[in-house]
Amino acid sequence: MCSACLKPVYQMEKITADKYIFHKACFCCKHCKKKLSMYSYAPLNGEFYCIFHYQQLFRRKGNYDEGFGHAQHKDRWLLKNAADLVHDESEA
């Protein structure tokens with residue numbers, strides 16, 4: 001099954017990238033929809049980008065989380081540590 005359109009993929013039209021299977025026509029940049037090849041893509045969190053937009057989105061915010069619309073990894077880490085501290089204090 002194609003990860004993008006959820007239709008069957010035949011061997012001759014199959015592209016596999018990071019354990020995801022696509023039709024050749026469905027393997028495209030999430031940002032600009034440009035058709036990607038095995039040499040011209042950058043994966044991040046199960047989403048695929050052309051090299052140009054991957055670099056552009058990274059430069060916009062300076063990190064791989066915020067530039068791509070995700071919560072910053074350090075924020076998730078800080079929340080986890082805060083929850084652990086509250087849990088440890090309640091046990092004491």
Side-chain angles (χ1 to χ4, degrees):
M1 294 294 268
C2 177
S3 297
C5 70
L6 303 176
K7 293 181 181 177
V9 180
Y10 298 104
Q11 194 65 32
M12 293 299 292
E13 59 185 5
K14 176 178 160 182
I15 290 182
T16 304
D18 285 358
K19 300 180 184 177
Y20 293 94
I21 298 171
F22 298 95
H23 293 105
K24 289 179 183 176
C26 293
F27 188 50
C28 58
C29 175
K30 181 182 179 198
H31 190 76
C32 68
K33 306 300 182 210
K34 176 183 171 187
K35 188 176 173 184
L36 302 173
S37 73
M38 295 308 295
Y39 306 105
S40 68
Y41 79 95
L44 182 68
N45 299 328
E47 297 169 342
F48 298 88
Y49 299 89
C50 63
I51 301 297
F52 176 78
H53 283 115
Y54 185 79
Q55 293 172 346
Q56 181 186 44
L57 292 168
F58 175 78
R59 273 188 239 126
R60 183 179 297 160
K61 293 288 186 172
N63 62 60
Y64 289 106
D65 295 323
E66 255 186 320
F68 293 90
H70 300 285
Q72 280 195 6
H73 183 74
K74 69 179 181 181
D75 292 341
R76 293 184 297 213
W77 183 76
L78 291 171
L79 287 173
K80 181 184 177 299
N81 283 344
D84 288 345
L85 285 174
V86 169
H87 179 69
D88 290 343
E89 289 175 0
S90 65
E91 289 180 354

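All residue numbers refer to positions in the sequence shown, counting from 1. Note that the structure is predicted; figures quoted are calculated from it, not measured.
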Below 30° counts as parallel, above 60° as perpendicular, anything between as tilted: where do the rings of His31 and His53 land?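 Geometry flag for His53 against His31: tilted rings.
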Show the nearest heavy-atom pair for residues [X] and [Y], with the distance to one decimal.
X     : Y     : result
Met38 : Ile15 : SD-CG2, 3.4 Å
Cys29 : Cys50 : SG-N, 3.4 Å
Lys24 : Lys35 : O-CE, 3.5 Å

Say whether, by atom type as modelled, one donor and one acceptor occur between the side chain of Ser3 and the main chain of Phe22 under 3.5 angstrom.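 Checked: no pair found.
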Determine yes or no for a side-chain-to-main-chain donor-acceptor pair under 3.5 angstrom, with His23 supplying the side chain and Tyr10 the backbone.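 Between the backbone of Tyr10 and the side chain of His23 there is no qualifying donor-acceptor contact (under 3.5 Å).
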Could you give the distance from CG (Leu6) to SG (Cys26), rounded to the nearest 0.5 Å?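 Leu6 atom CG to Cys26 atom SG measures 9.5 Å (nearest 0.5 Å).
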Which value, rounded to the nearest 0.5 Å, describes the distance between Phe27 atom CZ and Cys2 atom SG?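 SG of Cys2 is found 10.5 Å from CZ of Phe27.
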Identify which one of Gln55, Lys30, Lys34 satisfies the side chain to side chain contact (heavy atoms under 4.5 Å, CB included) criterion when paired with Tyr49.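 The residue from Gln55, Lys30, Lys34 that satisfies side chain to side chain contact (heavy atoms under 4.5 Å, CB included) with Tyr49 turns out to be Lys30.
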Are side-chain heavy atoms of Tyr41 and Asp18 found at a separation under 4.5 Å?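 Counting from C-beta outward, Tyr41 and Asp18 do come under 4.5 Å.
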